[in-house]
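Numbered from 1 within each chain, the chains take letters A, B, ... in sequence-line order.
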Amino acid sequence: MVAPSCAPPDRAWRDGQCDRGLVDRAREPQRPAQREPDRPNPVRTRSGGLVRLQRLAGNRAVANAVVQRLAGAHRTLRSGSTGTDVEELQAKLNQLNTTAEPLKVDSIFGPLTRQAVVQFQSTHDLDPDGVVGKLTWAALDAGGETPPPPPPPPVLQIGSTGAAVAQAQQKLNAAGSGLALLDINGVYDTLMAGVVFEFQLINGLTPTGSLDAASLAALDAQVPGGGVGADGIENAVNNPNGANALGTQDAGTSLHPVVGPGQVTSGPAVLEAEQKLNIWNATRDTPDPAVAEDSSWGGADTALLTAFQTAHSLPTGPLNAASWTALDAAAPNARSGFEARSWKEIVGGHQYGMTSRYQWALASTGAGDVMNVTAVVNFTGNPPSPAWAGFVTAAWNKFAAEEATTKEKVNIDFALAQGSGGNANTVKVSTGTGRANGGNWFLGDTKAASTVPHEYGHLLGLSDEYQLHAGDYRTVTGHEPTVGDADGPAGVTAAQMAQNIQTKMVTLDPAQVAAVSTGLGLKSGAYAQQVLEAYSALPAVTLPALPTIPASGSTPAIPGRPAMQTTGRLVEDLDVGLRDDATGNRYNVIQALTYSSGSLMGDPGRVTDHDHGGAQPRHVQEFCDHIAAIRGGSWQVVNR
Amino acid sequence: MTIPPVTWYRTGGQTVPPYNESLSITDGTVHMWRASDVPAAGYFTRPAPDGFAVEEPTQDLTVDPPPGGETEGLTVGERQATYGPGAELPEPWAGLHTTLLDLAEATFAFPEAALGLEVSDGAARLVHLGTDPVEVDLAASVVRVTLWSGWYASSERWASEPIGGGPLTAGTGWTYDLPFAHGLSVGPDRTLHVALDLSLKVRGNPLAAGLRHSPVPPPPPE
């Protein structure tokens, strides 16, 4: 029998008075004064409490845990108690107090019974208070043996706050048991306790919902990373779901253009179709002659496509999205492909979108295979800089795919090519000195060695890695959101800051919003997440209309917006509700309330992390996956 | 022919300082505010060109800007479009966009309260443009020089120390010589760019301005 484990280290272990559980005390209704000390206190989670845990951890584990938590499910007995359990108590005392006069087993807890209880407690290192609580019952049930000591006191528990909690939240998420995904906010609440409880169940630890030294050690062993390295930079915690650095594809869109007569009839999409039709054809009992893989659609291609569509009960005609889906499934191992990925992203609360067109091919050379990835760009307005293509290769051509067993390496080479037509992306070339973006590159951009490779990444469908919400950051980078600043400015609670920000937003002045946030030291991290959560709980307020101001001799023309209710989503409210000012106050507040990586797709100028600056393996994972599909085996991205 | 009220604006984006500028036509007068990536920043005004006309669209338009891109907006009468750089706009929005940007370029010749960046051999200076005063703060400003070879093929760079000093008021005839001892070897097949970010106050409006001297090199051979 395991004793309860909730006693804080500085508190006497007093039988019958250990009242704990996984329910946040601050939110729990007032309890009755004579609450049974050992009443089971089921875990409350978003997902259905113990039922959910039973599904996850199995009935036996949960049953063991509940038994441990109930400590035998005995009532607490004291003077005046009556009933069969008093009979049980008296019988056990008679059996174990061999030096005392036997009690009459009459089911009445009288003075003699109390005296016998005190004697038993005194000889078994228990508080001799005459009350039979769970520890005394445990000792009686154990045949007089002193029960094992309680587990080590918790290091972190409900009510704990700070960076250590946030680091634990990262690792609990990364452990990935699935009960709930925690915000990395540095606040140990009921939900976190439920996730801890589940982690402990699954890992054979005493389930308490609090993190003691053993649980923390198990968490560290299971999830490496986290904390701050010797270089002072926060170590990433990888999420088991890995990274998906590609932008979210628009619903209802296909990665493939429609191929066939009257549609796309030449180019890399046609070559991909021809290869896949041949692969499928070769699996048939009676194959037709293979079509030429010449990137040009002809009658033989149409005939083989018709056969494929007929065999798969698809309407005959051009190779449309439905037929492509069937063809991709039938022949996932074509050696080349073309993708036209329409996608969107939310950065700084603002939605952006584009269609990225790129092609890839696994080519055989005398020195082995190489994966060639090319984005063709139709530059408009001005000729491109001759340096741009070199910037791309310098930043991107650093990875290979390596097979786990043979250690064979296949280089993944990237190229920026100039061209036109349906396979090409359109980029406007301006002669100014602006900073490149997804649609406009600047010849006079003195940071083009960084910006052009970043924009090239967008041409491959990769999304930005700056000013992201926590979920997007987790998905895109494959890392848990960073702990960052867990404490916030001294003397300002997150709730106060959220309220102050909302109040100042009504003034529509970004400088006033900055004064009560970044001006006080608000930085990205756990505290900022608390601010977001506190803001979401505030009653909505009306932000006054921003009038459309026509240009005149006194003011620039400024677009307006009608009065709006705040949404509870602070970053979006800042984006829509306020205007930029000359000093970038709005941008800086949004930066502090969101997450950015320091990678090439992130914000390397403002974020220092171990991804600092460059392309990362996650950015080229898609092409490693293609190699694996073609070649078979287990491949991973490595540095060359 | 009466010109309907027309407004074009550009805001946000990754360019430093971010775009915050506009052009509008009301009652036959063109008003323009420009501040980012321009040879002159401030307020410009002129009569609408003779014969200037725009076609009124019949539908609104919204296109997400590309990643990192600024937001542009066009309003003609009751219709409006928002989009980003490089967007492939349908007509008549595409034509309107081109027409207004061309007009914006031409309107630089009509300053009313602006500062310009002038660069000549061995010197760079700020000059006041127009008739109305402009307040300028150069305390944190740095002159950045880039020398390109060929068609933006490679570059050498130089930057000054922060200029320092307090706020100044620029009026008619005002000039200010900028630090320019870059020591770079200009010559054939070289093109010099100069950049200066500074804070302005024009007619009471604070503007974060990015002045640029960025002549286009001779185009590369076909």
message: Less than 4.5 Å to any heavy atom of chain A: does that hold for the side chain of B:Pro219, its backbone, both, or neither?
response: neither
message: Need one label for A:Trp441: side chain, backbone, both or neither, based on atoms under 4.5 Å from any heavy atom in chain B.
response: neither
task: Measure distances from A:His350 to the heavy atoms of chain B and classify the residue's part below 4.5 Å as side chain, backbone, both or neither.
output: side chain
query: Are B:Leu126 and B:Leu196 side-chain neighbours, meaning at least one heavy-atom pair lies under 4.5 Å?
result: yes
message: If I measure from the heavy atoms of chain A, does B:Gln80 come under 4.5 Å with its side chain, its backbone, both, or neither?
response: neither
task: Give, as side chain, backbone, both or neither, the part of B:Phe44 having an atom under 4.5 angstrom from any heavy atom of chain A.
output: neither
- prompt: So do A:Leu600 and A:Gln616 actually touch side chain to side chain, heavy atoms under 4.5 Å?
  reply: no
field: Ion pair check, B:Arg144 and B:Asp197, cut-off under 4.0 Å
entry: yes
task: Heavy-atom distances under 4.5 Å only: say whether A:Glu345 touches chain B with side chain, backbone, both or neither.
output: side chain
statement: Bottom line for B:Thr146: the part with an atom under 4.5 Å from chain A's heavy atoms is side chain
task: Output yes when a side-chain donor or acceptor of B:Ser160 lies under 3.5 Å from a complementary backbone atom of B:Val143, and no otherwise.
output: yes
task: Check whether B:Arg34 gets within reach of chain A through its side chain, its backbone, both or neither, counting any heavy atom under 4.5 Å.
output: neither
message: With a 4.0 Å cut-off on N to O distance, would you call B:Glu112 and B:Arg203 a salt bridge?
response: yes
message: Taking B:Ala94's backbone N and O only, do any of them form a donor-acceptor pair with B:Thr98's side chain (distance below 3.5 Å, no angle check)?
response: yes
statement: Among A:Thr426, A:Thr433, A:Asn440, the residue with the most heavy-atom pairs under 4.5 Å to chain B is A:Thr433
query: Would you find a donor on one side and an acceptor on the other, under 3.5 Å apart, between the side chain of B:Asp137 and the backbone of B:Ser199?
result: no
- prompt: Is it the side chain or the backbone of B:Thr71 that comes within 4.5 Å of chain A heavy atoms, both, or neither?
  reply: side chain
field: Side chain / backbone / both / neither for A:Thr431 at chain B, heavy atoms under 4.5 Å
entry: both
message: At a 4.5 Å cut-off on heavy atoms, which part of B:Ala195 comes close to chain A: side chain, backbone, both, or neither?
response: neither
query: So does A:Arg435 pair up with A:Glu455, basic N to acidic O under 4.0 Å?
result: yes
- request: Answer with side chain, backbone, both or neither: which region of B:Trp151 has an atom nearer than 4.5 Å to a non-hydrogen atom of chain A?
  value: both
field: Worked check of side-chain hydrogen bond (donor to acceptor under 3.5 Å, both in side chains) between B:Asp64 and A:Gln351
entry: CA-CA 7 Å; B:Asp64 291 329; A:Gln351 179 165 294; 2.9 Å; yes
query: Between B:Gly150, B:Pro66, B:Ser36, which shows the greatest number of heavy-atom pairs under 4.5 Å with chain A?
result: B:Pro66
